[in-house]
J.: 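Below is one structure. I have some questions about it.
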Amino acid sequence: MENKYYPNLFKKGKIGNVVLKNRIVRNSMGTYLGNPDGSVSSRQIQAYVDAAEGGAGLIFMDNATPVPMTSCGLRADGDEFIAGLSQLADALKMHGAAAGMQLAHPGRDAGFVGSADVIGASPITFEPWYEAGAKLPRELSVDEIHDLVSKFGDAALRCRHAGFDVVEIHGAAGCIPTNFLSPHDNHRTDMYGGSLHNRMRLLIEMVRDMKKKCGPDFPIGVKLSTVDWEPEGITLDETIEVAKALEKEGVAYINVMAGTHATAAMEFLMPNCFNAADCKKIADAVNIPVFVGHNIFTPDEAEELLKNGCGEFVALGRSQLADPHWAIKAKYGQASEIKPCINCLIGCLDRGLLNHTAIHCTVNPGLYKFERETINTTNPRNVVVIGAGPAGCEAALTAANNGHKVTIYEKREFGGAMIEAAKPENKKNIRRLISYYKDHIDAHKNITVINKEATYEEIVAGNYDVCIAATGGVSRKIKAINIDSQMVVNAMDYLGGKKVDGNTVAVIGGGITGAETALELKAEGKKVIIVEMTDHFLAQKSNACQAYSIAISQTDIEIKTGLRLIEVGDHTIVLTDRYGNEQNVACDNVVIAAGFVPDNSIYTKLEEETDMQVFNVGDAKRVRQIFDAVHEGYIAAKLIH
């Protein structure tokens with residue numbers, strides 16, 4: 001029967017001879033839940049069960065290496081790994097999903113994920129990585145290439161023996177096939193370099209070896225990058241030709257993404273479904289299924305992509321970290337129940353895969369934390385939450401879902417600092433998170449919302465057992481002459497909708513808020529100058545900082561570091577360096593983006609003067625990111641006693 005909510009998304013599909021119950025693919029995105037030696041752990045099996053119960057038709061989770069290496073999570077380089085891999089395949093199939101395994105070798109990126117042997121087509125890597133100290137890859141000899149091809153085939157056969165229905169070659173994102181495909185990375189003069197025909201030879205030989213060993217009817221897929229966002233890198237036209245050649249070799253499908261590990265930060269600035277048009281060009285060029293992927297977050301987006309012929313399946317990664325039950329909720333018309341991915345790249349990349357830790361998610365603090373499952377309390381408490389930002393909202397919902405009675409005080413509206421954070425178009429998915437929290441809190445029978453500022457006296461008079469103080473932060477005040485001038489605007493006010501009328505604007509502060517404020521002002525056509533007190537602009541190491549840095553480098557925004565604002569004049573500001581040297585800078589407006597400080601006064605007083613169980617969470621504790629706020633709110637609610 002046709003699904004009345006998303007008929008294309010929940011139509012049966014086929015990958016080779018494998019019938020899938022719907023068109024939803026859970027993309028490979030390593031969990032780091034396996035054992036250090038690359039063998040399967042019990043937590044990993046539970047994660048696979050959770051993914052399968054979420055309702056996707058075909059599920060890839062961790063990828064496996066065909067050589068002795070544990071940096072990618074799993075290993076398939078020896079028969080001793082078959083037994084563990086079979087438990088993963090069984091976990092998926094016993095809970096209703098087809099089981100997929102991706103085989104990957106990180107190639108030139110191997111040093112980045114901890115391998116001593118860094119290999120590639122040529123001793124060339126992404127230049128910013130090299131400048132940051134990355135090891136140059138060792139050029140593979142022809143004999144080594146043949147050996148690697150054979151190892152991929154052997155690993156694929158082991159995966160088939162383990163019970164996986166589909167095996168995929170990771171030929172994208174900077175893995176070894178892309179090192180050969182990329183004209184930037186591949187400067188070989190033998191049969192594996194030069195023309196596109198030669199550069200795709202490694203990938204073609206991998207497919208042939210796999211099909212020879214696994215049998216002609218066993219589905220082998222390939223993941224490709226449409227483009228890699230690197231200078232002189234892979235182009236869409238070349239990817240289309242590679243896809244056509246792979247089809248002739250009997251590949252069952254093409255799974256499409258964009259970029260590489262080195263350029264992953266660019267996803268942060270990309271709109272939802274940005275890869276759709278390129279995926280459609282590939283889909284139109286071949287007669288095998290294409291998985292359309294990248295920045296697909298809602299069932300409506302996925303349905304539209306299928307309807308428009310951008311692919312025959314949608315491949316989701318981060319969306320199903322934010323809510324592992326994305327598919328089953330969509331199937332039953334519960335799209336509003338899906339907790340939305342906000343495309344921040346913090347939990348999954350910054351603090352997950354790139355940090356060599358078990359993968360996290362900003363909006364799903366319980367992800368893979370099986371020891372912290374929600375359990376209804378046998379001792380319901382009267383809980384007050386002060387503030388409805390990310391920490392307060394997560395705390396309130398978690399506590400209420402556990403059976404506690406919750407009262408929220410919020411002096412303005414749901415969202416807290418997320419309201420201003422969501423203004424840039426690339427961060428619009430935060431608006432969906434705000435709506436999610438508001439809708440679920442409004443509908444919850446255990447939650448009462450009071451739209452006013454909480455006072456110490458009112459909280460004490462409420463006879464609460466527990467207080468979760470999620471009062472957030474306040475903008476850091478700058479000591480400068482005439483700082484209260486009418487030409488000075490706070491960044492939060494600007495992001496909240498206040499206009500800046502001048503043509504030339506000085507943004508004081510070179511962190512993330514300053515960067516996104518500068519880009520917003522630039523988009524309005526203004527001349528922008530960023531002033532940062534330290535010697536480093538966007539000093540924090542994160543995907544967001546990298547993305548903003550690249551975006552700003554492509555504009556005429558001027559950056560001044562090592563300078564402090566000391567005076568605001570008439571259409572000018574005065575800056576000083578650490579040695580007292582002053583300089584005047586002409587501008588029409590000043591936007592202060594100097595960061596925030598915790599607002600924790602009510603927490604301190606409640607803790608010192610009452611016997612309530614009191615928690616301080618989010619920016620009220622220490623100013624950081626939405627990730628920290630959501631996770632601390634969740635933990636506080638779990639610790640109520």
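One-based numbering along the sequence shown. Side-chain atoms are counted along with the backbone in the values below, which use heavy atoms only and exclude waters and symmetry mates.
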J.: Can you find a pair of side-chain heavy atoms, one from Ile24 and one from Phe313, that are under 4.5 Å apart?
T.: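 No, side chains not in contact.
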J.: Would you give the length of the straight line joining atom CD1 of Ile124 to atom CG of Asn179, rounded to the nearest 0.5 angstrom?
T.: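 If we round to the nearest 0.5 Å, Ile124:CD1 and Asn179:CG are 10.5 Å apart.
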J.: Between side-chain atoms of residues 282-293 and protein atoms elsewhere (two or more places apart, or another chain), which donor-acceptor pairs fall under 3.5 Å?
T.:
from	atom 1	to	atom 2	distance (Å)
Asp284	OD1	Lys280	NZ	3.4
Asp284	OD2	Lys280	NZ	3.0

J.: Got Glu238 and Arg199 here, is their nearest side-chain heavy-atom distance under 4.5 Å?
T.: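 Glu238 vs Arg199: side chains touch.
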J.: Donor-acceptor check, side chain of Asp185 to backbone of Thr125, threshold 3.5 angstrom: yes or no?
T.: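 No.
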J.: Are side-chain heavy atoms of Arg318 and Glu267 found at a separation under 4.5 Å?
T.: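 The answer is yes; the side chains approach within 4.5 Å.
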J.: Check whether any side-chain heavy atom of Met101 sits under 4.5 Å from a side-chain heavy atom of Glu168, and report yes or no.
T.: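 Not touching, per the 4.5 Å side-chain cut-off.
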J.: Looking at residues at least two apart in the chain, or sitting in another chain, which of them share a side-chain hydrogen bond (donor to acceptor under 3.5 Å, both in side chains) with Ser122?
T.: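 So Ser122 forms no side-chain hydrogen bond (donor to acceptor under 3.5 Å, both in side chains) with any residue.
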J.: Please round to the nearest 0.5 Å and tell me the distance separating atom CG of Asn295 and atom SG of Cys273.
T.: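 Atom-to-atom, Asn295:CG and Cys273:SG are 8.0 Å apart.
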J.: What I'd like to find out is whether the side chain of Asp79 reaches to under 4.5 Å of the side chain of Arg158, using heavy atoms alone.
T.: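 Asp79 reaches Arg158 side chain to side chain.
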J.: List the residues meeting side-chain hydrogen bond (donor to acceptor under 3.5 Å, both in side chains) with Lys244, not counting sequence neighbours, and say none if there are none.
T.: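 In terms of side-chain hydrogen bond (donor to acceptor under 3.5 Å, both in side chains), with neighbours along the sequence ignored, Lys244 is linked to Glu241.
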J.: Of all heavy-atom pairs between Val167 and Tyr253, which one has the smallest distance, and what is that distance?
T.: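 Minimum heavy-atom separation between Val167 and Tyr253: O-OH, 4.5 Å.
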J.: Nearest 0.5 angstrom please: Leu136 CG to Trp129 CH2, how far?
T.: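 Nearest 0.5 Å value for the CG-CH2 distance: 13.0 Å.
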J.: Show your reasoning for whether side-chain hydrogen bond (donor to acceptor under 3.5 Å, both in side chains) applies to Tyr6 and Asn22.
T.: CA-CA 10 Å; Tyr6 302 103; Asn22 57 45; over 6 Å; no
J.: Nearest 0.5 Å please: distance from the CD1 atom of Ile145 over to the CG atom of Leu140.
T.: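 That separation rounds to 5.5 Å.
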J.: For the residue pair Arg188 and Asn198, establish whether any side-chain heavy-atom pair is separated by less than 4.5 Å.
T.: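 SC-SC contact between Arg188 and Asn198 ruled out.
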J.: With the side chain counted from C-beta on, respond yes when Leu103 and Asn63 share a heavy-atom pair under 4.5 Å apart, and no when they do not.
T.: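 When only atoms from C-beta onward are counted, Asn63 and Leu103 do not touch, as no gap falls below 4.5 Å.
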J.: Going by ring pair (Phe, Tyr, Trp, His ring centres under 6.0 Å), name the residues that satisfy it together with Tyr192, two or more places apart in sequence or in a different chain.
T.: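 Partners of Tyr192 by the ring pair (Phe, Tyr, Trp, His ring centres under 6.0 Å) criterion come out as none, since no residue qualifies.
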J.: Taking salt bridge (Lys or Arg N to Asp or Glu O under 4.0 Å) as the definition, give me every residue that meets it alongside Glu53, ordered by chain and number, with sequence neighbours left out.
T.: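 Result, salt bridge (Lys or Arg N to Asp or Glu O under 4.0 Å) vs Glu53: none returned.
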J.: Tell me the closest heavy-atom pair linking Ser41 and Asn35, and the distance in Å.
T.: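 Residues Ser41 and Asn35, closest heavy atoms: CB-OD1, 3.6 Å.
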J.: If only atom types and distance count, is the side chain of Lys21 paired as donor or acceptor with the main-chain N or O of Gly96 below 3.5 Å?
T.: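 Yes.
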J.: Taking only residues two or more places apart in sequence, or in another chain, which ones meet Lys339 in a side-chain hydrogen bond (donor to acceptor under 3.5 Å, both in side chains)?
T.: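 Checked Lys339 against side-chain hydrogen bond (donor to acceptor under 3.5 Å, both in side chains); matches are Glu394.
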J.: Just wondering, do Phe152 and Val149 contact through their side chains at under 4.5 Å, heavy atoms?
T.: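 Not touching, per the 4.5 Å side-chain cut-off.
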J.: Write down the atom of Gln320, the atom of Val25, and the distance for their closest heavy-atom approach.
T.: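 Taking Gln320 first and Val25 second, the nearest heavy atoms are NE2-O, 3.7 Å.
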J.: Are Asp37 and Ser39 close enough that a side-chain donor and a side-chain acceptor fall under 3.5 Å?
T.: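 Their side chains do contain a donor-acceptor pair, which is all the 3.5 Å distance test asks for.
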J.: Would you please name every residue forming a salt bridge (Lys or Arg N to Asp or Glu O under 4.0 Å) with Glu127, sequence neighbours left out?
T.: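 Checked Glu127 against salt bridge (Lys or Arg N to Asp or Glu O under 4.0 Å); zero matches.
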J.: Supply the atom-to-atom distance Cys341 SG to Leu433 CG, rounded to the nearest 0.5 angstrom.
T.: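 Taking SG in Cys341 and CG in Leu433, the distance rounds to 10.0 Å.
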J.: Do you know the tightest heavy-atom contact between Pro68 and Asp77?
T.: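 Shortest heavy-atom contact: CG-OD2, 3.6 Å.
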J.: Specify the closest pair of heavy atoms between Phe126 and Thr263, including all atoms of both residues, with the distance to one decimal.
T.: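 Looking at all heavy atoms of both residues, the shortest contact is CZ-CG2, 4.1 Å.
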J.: Out of curiosity, Leu353 CG to Met29 CE, how far, rounded to the nearest 0.5 Å?
T.: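 The CG atom of Leu353 sits 5.5 Å away from the CE atom of Met29.
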J.: Short question: side chain of Asn186, backbone of Phe180 - any donor-acceptor pair under 3.5 Å?
T.: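 Flag set: sc Asn186 to bb Phe180 pair under 3.5 Å.
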J.: Between Asn429 and Asn272, does a side-chain hydrogen bond (donor to acceptor under 3.5 Å, both in side chains) hold up when you go through it step by step?
T.: CA-CA 9 Å; Asn429 291 297; Asn272 293 5; 3.0 Å; yes
J.: Quick check: does any side chain N or O of Thr178 sit under 3.5 Å from a backbone N or O of Cys175, one acting as donor and the other as acceptor?
T.: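 At least one qualifying donor-acceptor pair exists.
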J.: Please indicate whether His197 has more than 12 foreign heavy atoms, meaning atoms of other residues, nucleotides or ligands, lying under 6.0 Å from its NE2.
T.: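 Atom NE2 in His197 is not crowded, with 12 or fewer foreign heavy atoms closer than 6.0 Å.
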J.: Any carboxylate oxygen within less than 4.0 angstrom of a Lys/Arg side-chain nitrogen, looking at Glu312 and Lys14?
T.: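 Salt bridge absent between Glu312 and Lys14.
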J.: Start with the C-alpha distance between His360 and Leu367, add both sets of side-chain angles, then the distance that settles side-chain contact (heavy atoms from CB on, under 4.5 Å), and finish with yes or no.
T.: CA-CA 6 Å; His360 300 81; Leu367 181 68; 5.8 Å; no
J.: Using residues 210-232 as the side-chain source, report each donor-acceptor pair under 3.5 Å to any protein atom, sequence neighbours left out, with the distance given to one decimal.
T.:
from	atom 1	to	atom 2	distance (Å)
Lys211	NZ	Pro216	O	3.2
Lys211	NZ	Gly250	O	3.4
Lys213	NZ	Ser150	O	3.0
Lys213	NZ	Ser150	OG	3.2
Lys213	NZ	Asp154	OD1	2.8
Lys213	NZ	Asp209	OD2	2.8
Lys223	NZ	Asn27	OD1	3.4
Ser225	OG	Ala173	N	3.2
Ser225	OG	Gly259	O	2.9
Thr226	OG1	Met257	O	3.3
Thr226	OG1	Asn275	OD1	3.2
Asp228	OD1	Glu230	N	3.0
Asp228	OD1	Ile234	N	3.4
Asp228	OD2	Ile234	N	3.0
Glu230	OE1	Arg108	NH1	3.2
Glu230	OE2	Arg108	NH2	2.7
Glu230	OE2	Thr260	OG1	2.7

J.: Output all residues satisfying salt bridge (Lys or Arg N to Asp or Glu O under 4.0 Å) with Arg432, sequence neighbours left out; order by chain, then residue number.
T.: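 Partners of Arg432 by the salt bridge (Lys or Arg N to Asp or Glu O under 4.0 Å) criterion come out as none, since no residue qualifies.
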J.: Report the residues that fulfil side-chain hydrogen bond (donor to acceptor under 3.5 Å, both in side chains) with His261, sequence neighbours left out, ordered by chain and then residue number.
T.: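 His261 satisfies side-chain hydrogen bond (donor to acceptor under 3.5 Å, both in side chains) with Asp109 once adjacent residues are dropped.
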J.: Do side-chain atoms of Asp165 reach the backbone of Ala99 as a donor and acceptor pair under 3.5 angstrom?
T.: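 Checked: pair present.
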J.: Against the six-membered ring of Phe627, is Arg351 placed for a cation-pi contact (under 6.0 Å from the centre, within 45° of the normal)?
T.: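 Satisfied, under 6.0 Å and within 45°.
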J.: Mind listing the closest non-hydrogen atom pair of Gly120 and Ile176 along with its distance?
T.: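 Looking at all heavy atoms of both residues, the shortest contact is CA-CD1, 3.9 Å.
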J.: Which of parallel (below 30°), tilted (30 to 60°) and perpendicular (above 60°) describes His356 and Tyr32?
T.: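 Geometry flag for Tyr32 against His356: perpendicular rings.
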J.: Tell me, please, which residues at least two apart from Arg26 pass salt bridge (Lys or Arg N to Asp or Glu O under 4.0 Å).
T.: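 Arg26: no salt bridge (Lys or Arg N to Asp or Glu O under 4.0 Å) contacts found.
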J.: For His294, give me all partners under ring pair (Phe, Tyr, Trp, His ring centres under 6.0 Å), at least two apart in sequence or on another chain.
T.: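 His294: ring pair (Phe, Tyr, Trp, His ring centres under 6.0 Å) contacts with Phe274.
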J.: Take Asn426 and Met270 through the side-chain contact (heavy atoms from CB on, under 4.5 Å) test and state the conclusion after the steps.
T.: CA-CA 6 Å; Asn426 67 290; Met270 294 293 185; over 6 Å; no
